There are 2 protein chains.
Amino acid sequence: MLGSMTTTTTRDVRAPGLAALAGLLADETRAACLLALLDGRAWTAGELARHAGVAPSTLSEHLGKLVGGGLLAEERQGRHRYVRIAEPRVAQLVEDLAAQIAPDTAPRPHTLRAATAGSAMARGRTCYDHLAGRLGIAVTDALTARGLLRQDTGFALTDPGLRWFEGAGIPLERASRRPLARACLDWTERRPHLAGVAGAALCRHALDAGWCVRIGTERAVKVTAAGERAWGELLGIEAAALR
Amino acid sequence: MLGSMTTTTTRDVRAPGLAALAGLLADETRAACLLALLDGRAWTAGELARHAGVAPSTLSEHLGKLVGGGLLAEERQGRHRYVRIAEPRVAQLVEDLAAQIAPDTAPRPHTLRAATAGSAMARGRTCYDHLAGRLGIAVTDALTARGLLRQDTGFALTDPGLRWFEGAGIPLERASRRPLARACLDWTERRPHLAGVAGAALCRHALDAGWCVRIGTERAVKVTAAGERAWGELLGIEAAALR
DNA sequence: CGGGGCCTTCGGCGGGTGCCGAACCGTCGT
DNA sequence: ACGACGGTTCGGCACCCGCCGAAGGCCCCG
């Protein structure tokens, strides 16, 4: 990644790569794009322009930088330019960065519509490719309480945890360079939840199996009736904790 | 942290906090300062100015931004202004960011002096408050091979691992909000090594007990003769792996 | 084949910011 | 008490970069 960065430097003390990478994130419009793309989907340039509130021409230049920097991957289809986050590590980086921001610095919603949308997001949402919000926390806590996930000495699945995934019919790609389990700090709950290969597999399975459905066009997800049963049977999660 | 950031925004889609935080890292001079401060020590403003190759007045302004943004903490002593990384999570953020940069993008050393210093750094160094380089990898691998650290399902100490730290006389602060074990991606070896509370405690103990000593004014560390014995007895690390 | 939608390129504008040198202030040493 | 030194403030300069509108290209659809 970061293919287009110059390496010309007089002193090896300098860090052009680091500054250039941070520079890609250091613009409000580009940051808004990356946060929007954290939903894991591919957006068109026009959608992002309207979302960020800038002219299409302006956004086109931003996309050029983000794609050139390796943060985004693009896919041209006819007259549309679809763009998505290039790699999970990019999503992780944006998440980590966002988690550094003090909670009280985050803007509060003003309108009722934004408030209800916000509370839906707080209940449950996807964070790139895994579950977050109160739902993500509840699942992570349940895994931990049942001895399937270990958080007290780090963050890793246990052997019973591996068997649980197998028993639930959720295959885990173990050959991946990506870590099997990783902590992602939730920026509404300020608590870690399950990310990594296992987090992504669990989220995908929950959506495929109809345990959760996406609501609206945002990242928010809702637990279905079937989901309440499944989460309860498999992890002993109370239905009340999912609402 | 990030106390001085404005929250005035017309749309909650915007992410002024994220962009502002990234903006602090998006300058070559500031990035050079942060990388230098990754040695965990406190530097004076003048040292940093000479290190970065800019006028003292210029660096003073940079320090104002970094301190104001909560990334650095300062301590005034007489006519000196000592500055250090404010919190471990800031160091973690810089490490994560640096790890994103492609290895072949990293500048290669030009002079012989830089090359030898580079190889000393590659052998062993500190990464903020824990061990890195080949030494850090060797220790992490040895912990993993002995079943004290689990990397295959995430990154966490095992129960024998907890007892090992106790038996070695290395106390672990368990009440901390900081994770006990965390993976830090080494940017010379491109492999994870032990960070977090356990990594910091192990590094501090290794320096206190004389297993390692700092060489030069950089982050590089060297394994002593006593260290070779200790690493061998406690973790079965071959002396050859430490050189 | 023509029209409209999506995107990109280009020119130009304005604001932000990194940089320096000069002047100033406080501290430490002599 | 004086000078040296480290750090800061200020003014000014130059550059970079985000923004827009206008114009053009490309693709799809009618």
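Quantities reported herein were computed from a predicted structural model and do not represent experimental measurements. Naming: A, B, ... by sequence-line order, numbering from 1 per chain. Scope of the values below: all heavy atoms of this structure, side chains included, with no hydrogens, waters or symmetry mates.
Of the side-chain N and O atoms in H80(B), none sit less than 4.0 angstrom from OP1 or OP2 of dC28(C). Close to dT8(D), at under 4.0 Å from its OP1 or OP2, lies no side-chain N or O of S57(B). Residue R50(A) has no polar side-chain atom (N or O) positioned under 4.0 Å from OP1 or OP2 of dC6(C). Under 4.0 angstrom from either OP1 or OP2 of dC17(D) there lies no side-chain N or O belonging to K65(A). For dC6(C), the OP1/OP2 oxygens have no side-chain nitrogen or oxygen of R81(A) closer than 4.0 Å. Put simply, S60(A) has a side-chain N or O that comes within less than 4.0 Å of OP1 or OP2 on dT8(C).
The CG-C1' distance, from D27(A) to dC19(D), rounds to 10 Å in whole Å. Here the C1' atom of nucleotide dG18(C) and the CG atom of L24(B) are 14 Å apart, to the nearest Å. The NE2 atom of H62(B) sits 13 Å away from the P atom of dT8(D) (whole-angstrom rounding). When the P atom of dC15(D) is taken as reference, atom CD of E28(B) falls 17 Å away, rounded to whole Å. Rounding to whole angstrom units, CZ of residue R30(B) and C1' of dG16(C) are separated by 12 Å. Per the geometry, CH2 belonging to W43(A) stands 18 Å off C1' belonging to dC7(C), to the nearest Å. Protein atom CZ of R76(A) is 16 Å distant from nucleotide atom P of dG25(D), rounded to whole Å. Whole-Å rounding puts the L63(B) CG to dT17(C) P distance at 17 Å.
One finds no salt bridge joining E189(A) and R191(A) here, because no Lys/Arg side-chain nitrogen approaches an Asp/Glu carboxylate oxygen to under 4.0 Å. Checked for salt-bridge contact, R182(A) and E95(A) meet the test: a charged N lies under 4.0 Å from a carboxylate O.
A donor-acceptor pair under 3.5 Å links the side-chain atoms of T224(A) to the main chain of W211(A), judged by distance alone.
For the pair R50(B) and W43(B), the cation-pi test (distance below 6.0 Å, angle within 45°) is failed.
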Given Watson-Crick and G-U pairs under 3.5 Å, DNA chain D in dot-bracket ([ ] crossing, | other strand) is ||||||||||||||||||||||||||||||
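Between C33(B) and H62(B), every side-chain heavy-atom pair lies at or beyond the 4.5 Å cut-off. Side-chain contact check for K65(B) versus L24(B): some heavy-atom pair is nearer than 4.5 Å.
Here the straight-line distance linking atom CG of L97(B) with atom CG of D96(A) works out to 9.5 Å at 0.5 Å rounding.
Along DNA chain D, the nucleotide nearest G46(B) and the nucleotide nearest E61(A) are compared for position; the residue whose nucleotide lies closer to the 5' end is G46(B).
Side-chain atoms of R79(B) and base atoms of dC5(D) include a donor and an acceptor less than 3.5 Å apart.
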